[in-house]
Structure formats: C-alpha cells, structure tokens
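To keep things clear, I will list the structure first and then write my remarks on it.
Atoms within each ligand, like the ligands themselves, are counted from 1 in listed order. Residue numbers start at 1 and run along the sequence shown.
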Amino acid sequence: MPVEEFVAGWISGALGLVLGHPFDTVKLLGFFKGMSFPIASIAVVNSVLFGVYSNTLLVLTATSHQERRAQPPSYTHIFLAGCTGGFLQAYCLAPFDLIKVRLQNQTEPRAQPGSSPPRYQGPVHCAASIFREEGPRGLFRGAWALTLRDTPTVGIYFITYEGLCRQYTPEGQNPSSATVLVAGGFAGIVSWVAATPLDVIKSRMQMDGLRRRVYQGILDCMVSSIRQEGLGVFFRGVTINSARAFPVNAVTFLSYEYLLRWWG
Ligand SMILES: C[N+](C)(C)CCCC[C@H](N)C(=O)O
C-alpha cells in the first residue's frame, strides 16, 4: 500500500490547521485555547483521510496518484473513495474532536487564586476524566453524528476539488498553484456548508452527558433543536465554518499536491 499519501496528508493537515485554529475557536468564544493538541491530532486524522482516499482510488481504478492526471478517475469513483476516507477518518477523529469541543466550551476564566479549578485541565486530563466519568464509550460520544457528517461530505469535498481542477487545467497537465489553492478553498467551503447541519447536532451530542443526558439520540437531538430554535439552527456557524474552510483547505491541498509531486 503506497504510504506517501498518508505522509503528505499528515503534513498538509498540520499546515492547514495552524491557519484555521483561530477561526475554529472564535465560534466557541475560547480564542486560541488548546492549539498544540489539535495540531497533533489533525495531522493523524488528515493522514487517514488522504491516505484512505488515494488508496481506495487505487483499488477502484488501478491508477496511482501520479497516473491519475493522464487517466482521470470518474466522479463516481472519486465520490466513493471520498466517502470511504470520510467514514474512516470520522472514527479516528471522534475522540480528538470530543476533547476539543469539551475544552473549547469551557469558557470560565483560567483558575484564579481561591476559585475552583476548571473541570478539565488540558487534553490529557480531559480524556482521562471522560474515561472515568463516562466510560470508554464516552470517548466516542457523538461519533455517529460525526460519521454521518463526514461520510457524504468528504465525497463532496473531493468531487468539488477535482471538478474545479479539471475545469481550469488543460488535459493531462498538473493544475497550477493558483488553481489548487482556489479549488481546495472552494472544496472546503462547499463541503462545510453541507456538513454544518450535522456539525451542530454532533457538537450538541458531544456536550450532552456532561451534566445530565438531554438527548436520546441523533434524531431526538435534531427534533428538539428544531422545535426550540427553528430550522435556522442547522446553519449555526455556517459563516465562520466557511471563512475557516477556505484558507485551511487551500493550504492543505497545495501542500499535499506539492509534497507528492516532489516525491513522485
Ligand atoms: C467534510 N468536512 C467538511 C466535514 C471536513 C473536511 C475535512 C477538511 C479539513 N480537515 C477541515 O477541517 O476543513
């Protein structure tokens, strides 16, 4: 199994993340909280995303990354490979994402003399507390919502990227840097707009269980969210998600493509 894609996914994910972190935190009011932890985790997760995507395409179309410019895969194959990558990355992402959401939602000021310490003192402490208080399965709270969010939307992510690259690149050639940046940025925006409704539900499921359980499951969470807040609830955070998605994914795809060209 070719591993370059995993390594390129690793590095490009970390680079994209550095750019996106402030956007990611602003929506939860905890600016710049917990930066080192997501860098490490997103690198692993992005490596799974790109590695599985590329290797699934290899199985489906018998072409390596280098051969795909001359023999472009069909959009059906791209979508299926993207969904496979999305499904597996969601599982790896689940515990990391849970910890990130729990830490970022902890908006009490840092411990001052005399005040009680925050519930979670950092990522490792947070993981250990969840394990202790909610059991090992507690670390996967919200994982199904995350899988539902990412399986189809990562398919959309790669279709958008490939579609835009093909549109602006003469046949058989590599897309230019400008094309990769724009196609990557739009792939991020389009897939995040599609992912936002389930992103809202996912985060609510992840916060549920902290005190008392409010939701019975994904459907119950959706129904009660709509009842209380209307359909607009599904678009909460869509602007900040899109603003974050453009630079993050432009840089992710640019570094991914260039690392592979460089090694290939
Ligand atoms: C499919 N969905 C839009 C949810 C995410 C796509 C992942 C892309 C990148 N790691 C990022 O965080 O933007």
**Item:** Carboxylate-amine/guanidinium proximity below 4.0 Å for Glu134 and Arg213
**Value:** no
**Asked** For the residue pair Tyr256 and Phe50, does the interplanar ring angle fall in the parallel (under 30°), tilted (30 to 60°) or perpendicular (over 60°) class?
**Response** tilted
**Message:** Among residues at least two apart in sequence or on other chains, which ones pass side chain to side chain donor-acceptor pair (under 3.5 Å) with Glu5?
**Reply:** Ser54
**Prompt:** Remaining members of Val223's ILVMFWY cluster at a side-chain heavy-atom cut-off under 4.5 Å?
**Reply:** none
Quick check for students: name every N or O atom pair between ligand 1 and the protein closer than 3.5 Å, with distances.
residue  : atom   : partner : partner atom : Å
ligand 1 : 12 (O) : Arg244  : NH1          : 3.4
ligand 1 : 12 (O) : Arg244  : NH2          : 3.0
ligand 1 : 13 (O) : Trp192  : NE1          : 2.9
ligand 1 : 13 (O) : Arg244  : NH1          : 3.3
ligand 1 : 13 (O) : Asn249  : ND2          : 3.1

**Residues clustered with Val124, ILVMFWY side-chain links under 4.5 angstrom** = none
**Request:** Report the C-alpha distance between Glu229 and Arg236 in whole Å, list the side-chain angles of each, state the deciding distance to 0.1 Å, and finish with yes or no for salt bridge (charged side-chain N to carboxylate O under 4.0 Å, His left out).
**Result:** CA-CA 10 Å; Glu229 293 153 83; Arg236 192 150 297 168; 2.7 Å; yes
